[in-house]
Amino acid sequence: MASPRSCFRGLQKNTSHVALVLVSVLLLSSARLSVAGRSLLELYKPPASALLTYHNGAVLQGRIPVSILWYGRFTPAQKAVVTDFLQSLTTASPTTPSPSVSQWWNTINQLYLSKARTRGNGARSGGGSAQVALVGQTTDEGCSLGKRLTLAQLPRLAARAGTKKGGIALVLTAQDVAVDGFCMSRCGLHGSDARAGTAYIWVGNSATQCPGQCAWPFHQPLYGPQTPALVPPSGDVGVDGMVINIASMVAGTVTNPFRDGFYQGDKDAPLEAATACTGVYGSGAYPGFAGNLAVDRTSGASYNANGANGRKYLLPALFDPATSTCSTLV
């Protein structure tokens with residue numbers, strides 16, 4: 001009769017053997033699942049509706065006249081930040097360091113406008129590129145329609161800017177003006193009148209309403225990782241946040257002005273050239289981290305593009321339909 005100790009040793013040996021077999025089986029199964037999963041991912045091809053593609057519609061090309069309506073109170077310094085940005089889009093100075101705002105704009109020309117078909121229906125056509133020209137500014141400091149605006153009122157305000165055919169009206173609302181959906185589901189939007197061949201953009205100043213949502217990364221976000229806010233290039237969180245959203249909306253407007261150009265998903269709630277890369281500003285970006293950016297040695301401000309009059313700006317990444325990646329300047 002075997003002793004209890006020898007029985008225990010035998011049991012221990014058998015148990016070790018069984019455990020080794022189980023581990024081997026689990027590792028083998030895991031490897032097979034991994035290979036199978038990888039094979040499925042490699043074979044998977046998303047439907048066309050899940051890709052940002054060209055839908056054969058019109059885009060805005062050639063000279064694009066832009067008119068601004070300042071709704072509410074903006075200081076001269078705030079206005080200068082925005083107008084210098086617009087002028088920087090296609091007016092490149094030989095002395096402007098790289099990367100520049102005009103290089104960002106040229107990415108839109110290369111990735112989108114050069115790929116679009118030449119056609120009429122109100123949009124300027126031909127040439128495969130676009131040049132923004134600031135042609136006028138109007139001010140409604142007294143907020144004639146009140147300080148709570150509906151979306152239906154935005155086209156009326158845009159009309160006051162005196163938009164020309166093939167052009168864009170830019171409606172900018174001050175920090176004490178509320179707009180339906182602002183801070184809840186949007187920081188700005190763009191629309192159009194296909195018959196008139198005009199488009200409009202609205203962007204609000206979020207400084208006192210929702211800087212964590214519409215001026216990130218210059219303010220800590222409402223949700224998610226609470227990383228330190230970056231220093232805005234102009235020193236004004238609200239206005240530098242507006243520039244980010246203006247850039248995003250201008251990119252969407254020229255590439256998808258009438259809801260049949262470049263977009264992904266539902267045409268009534270599309271992802272577009274810049275909104276498909278929300279939160280990405282530099283290489284290595286991930287949720288809560290804007291990416292690797294340039295930092296001004298004097299002010300400590302973060303930026304990724306140089307502009308007119310020595311300005312520095314933070315601009316959104318642009319989606320590259322050919323590679324399905326976000327293209328950044330830095």
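FYI, side chains are in, hydrogens and waters are out, and symmetry mates aren't considered; it's all heavy atoms of this structure. This one's a predicted model, so the numbers in the text were calculated from it and none came from an experiment.
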Next item on the list: Would you check, one step at a time, whether the test side-chain contact (heavy atoms from CB on, under 4.5 Å) holds for Val203 with Met249?
Entry: CA-CA 8 Å; Val203 171; Met249 291 299 102; 4.2 Å; yes
When rounded to the nearest 0.5 Å, the distance separating CD of Gln153 from OG of Ser144 is 9.0 Å
Ile201 side chain reached by Leu189 side chain, heavy atoms, under 4.5 Å: no
Evaluate the criterion side-chain contact (heavy atoms from CB on, under 4.5 Å) for residue pair Leu230 and Leu293; output intermediate values, then yes/no.
CA-CA 10 Å; Leu230 303 182; Leu293 305 173; 3.7 Å; yes
Step by step, work out the side-chain hydrogen bond (donor to acceptor under 3.5 Å, both in side chains) result for Thr323 and Thr325.
-> CA-CA 5 Å; Thr323 62; Thr325 60; 2.6 Å; yes
query: Between Thr163 (side chain) and Ala159 (backbone), is there a donor-acceptor pair under 3.5 Å?
result: no
**Asked** Under a 4.5 Å side-chain heavy-atom rule over Ile, Leu, Val, Met, Phe, Trp and Tyr, are Tyr303 and Val81 clustered together?
**Response** no
On a heavy-atom basis, the closest approach of Gly279 and Ala285 is O-CB, 4.4 Å
Separation between CG (Asp240) and OG (Ser234), nearest 0.5 Å, reads 3.5 Å
Original post:
Between Cys210 and Cys187, does the SG-SG distance stay under 2.5 Å?
Top reply: no
Practice problem: Could you give me the CA-CA distance, side-chain angles and deciding distance for Thr139 and Phe74, then say whether side-chain contact (heavy atoms from CB on, under 4.5 Å) is met? | Solution: CA-CA 9 Å; Thr139 299; Phe74 288 88; over 6 Å; no
Between Ser283 and Thr328, the two heavy atoms sitting closest are N-OG1, 3.8 Å
Original post:
Quick one: does Thr138's side chain have a donor or acceptor within less than 3.5 Å of a partner on Leu69's backbone?
Top reply: no
Original post:
Where do Gln213 and Ser206 land on the side-chain hydrogen bond (donor to acceptor under 3.5 Å, both in side chains) test, with the steps shown first?
Top reply: CA-CA 8 Å; Gln213 180 171 340; Ser206 66; over 6 Å; no
One should read off an interatomic distance between Gln103 CD and Asn109 CG, to the nearest 0.5 angstrom, of 12.5 Å
Heavy atoms of Ile64 and Ala130 approach each other most closely as CD1-CB, 3.6 Å
Does one hydrophobic cluster hold both Val135 and Ile168, with members joined at side-chain heavy-atom distances below 4.5 Å?
no
* Evaluate the side-chain proximity of Leu134 to Gln87: yes if any heavy-atom separation is below 4.5 Å, no if none is. => yes
Check this for me: does any side-chain nitrogen of one of Lys267 and Asp260 sit under 4.0 Å from a carboxylate oxygen of the other? no
Answer yes or no: is there a side-chain heavy-atom contact under 4.5 Å between Arg160 and Val171? no
#### Entry: Tyr313-Trp104 co-clustered via ILVMFWY side chain contacts under 4.5 Å
yes
Notebook entry, point to check: Going by heavy atoms in the side chains, are Pro221 and Gln226 under 4.5 Å from each other?
Noted result: yes
What verdict does the side-chain contact (heavy atoms from CB on, under 4.5 Å) test give for Thr150 and Val179, after you've listed the backbone C-alpha separation in whole Å, the side-chain angles of each residue and the deciding distance to 0.1 Å? CA-CA 6 Å; Thr150 66; Val179 178; over 6 Å; no
**Message:** Between Asn304 and Leu315 (side chain of the first, backbone of the second, donor and acceptor by atom type, cut-off under 3.5 Å), is there such a pair?
**Reply:** yes
Practice task
Keeping the roles fixed (side chain from Ser248, backbone from Ile244), state whether a donor-acceptor pair exists under 3.5 Å.
Solution key: no
What one should report as the nearest heavy-atom pair of Leu52 and Leu271 is CD1-O, 3.9 Å
Check: Gln209 side chain, Cys183 main-chain N or O, donor-acceptor pair, under 3.5 Å | no
Is Trp70 reachable from Leu157 through a run of I, L, V, M, F, W or Y residues, each pair having side-chain heavy atoms under 4.5 Å apart?
no
One should read off an interatomic distance between Asn306 CG and Thr95 OG1, to the nearest 0.5 angstrom, of 10.0 Å
Are the aromatic ring centres of His190 and Tyr200 under 6.0 angstrom apart? no
Is it true that, when you exclude Arg73 itself, more than 12 heavy atoms of the residues, nucleotides or ligands shown sit nearer than 6.0 Å to its CZ?
no
Using only atom types and a distance under 3.5 Å, with no angle test, would you say the side chain of Asp320 pairs donor to acceptor with the backbone of Ser324? no
Under the criterion side-chain hydrogen bond (donor to acceptor under 3.5 Å, both in side chains), I'd like the reasoning laid out for Ser129 against Gln131: C-alpha separation, chi angles, the key distance, then a yes or no.
CA-CA 7 Å; Ser129 64; Gln131 302 83 41; 3.2 Å; yes
Rounding to 0.5 Å, atoms CG (Leu172) and NZ (Lys79) come to a distance of 10.0 Å
Sidechain-backbone polar pair: Lys115 side chain, Gln110 backbone, donor-acceptor under 3.5 Å
yes
Value for OG1 (Thr173) from CE (Met242), rounded to nearest 0.5 Å, stands at 6.0 Å
For Val132 and Thr90 the tightest heavy-atom approach is O-OG1, 3.0 Å
task = If the plane angle is over 60° it's perpendicular, under 30° parallel, otherwise tilted; pick one for Trp216 and Tyr281.
result = tilted
The side-chain contact (heavy atoms from CB on, under 4.5 Å) partners of Val295 (sequence neighbours excluded) come to Ser302
Handout entry: Heavy-atom check, side chain of His55 versus side chain of Phe262, under 4.5 Å
Key = no
So do the side chains of Cys143 and Val177 get within less than 4.5 Å of each other, counting heavy atoms only? yes
Report yes if some heavy atom in the side chain of Arg156 is under 4.5 Å from a heavy atom in the side chain of Leu145; otherwise report no.
yes
Sorted by chain and number, sequence neighbours left out, salt bridge (charged side-chain N to carboxylate O under 4.0 Å, His left out) with Asp176 holds for Lys147
Tightest non-hydrogen contact, residues Ala301 and Pro233, listed as CB-CA, 3.6 Å
Spell out, as yes or no, whether a donor-acceptor pair under 3.5 Å connects the side chain of Thr275 to the backbone of Glu272.
yes
Item checked: Pairwise side-chain contact, Phe85 with Ile246, heavy-atom cut-off 4.5 Å (strictly under) -> yes
inquiry  = So that I can confirm a possible disulfide, could you see if the SG-SG distance for Cys277 and Cys326 falls below 2.5 Å?
reply    = yes
Could you state whether Trp202 and Ile68 fall into the same hydrophobic cluster, counting links through intermediate Ile, Leu, Val, Met, Phe, Trp or Tyr residues with side-chain heavy atoms under 4.5 angstrom apart? no
Q) Hey, is the main chain of Ser88 close enough, under 3.5 Å, to the side chain of Arg311 for a donor-acceptor pair? A) no
message: Would the distance check show the side chain of Asn245 and the main-chain N or O of Gly204 forming a donor-acceptor pair, the cut-off being under 3.5 Å?
response: no
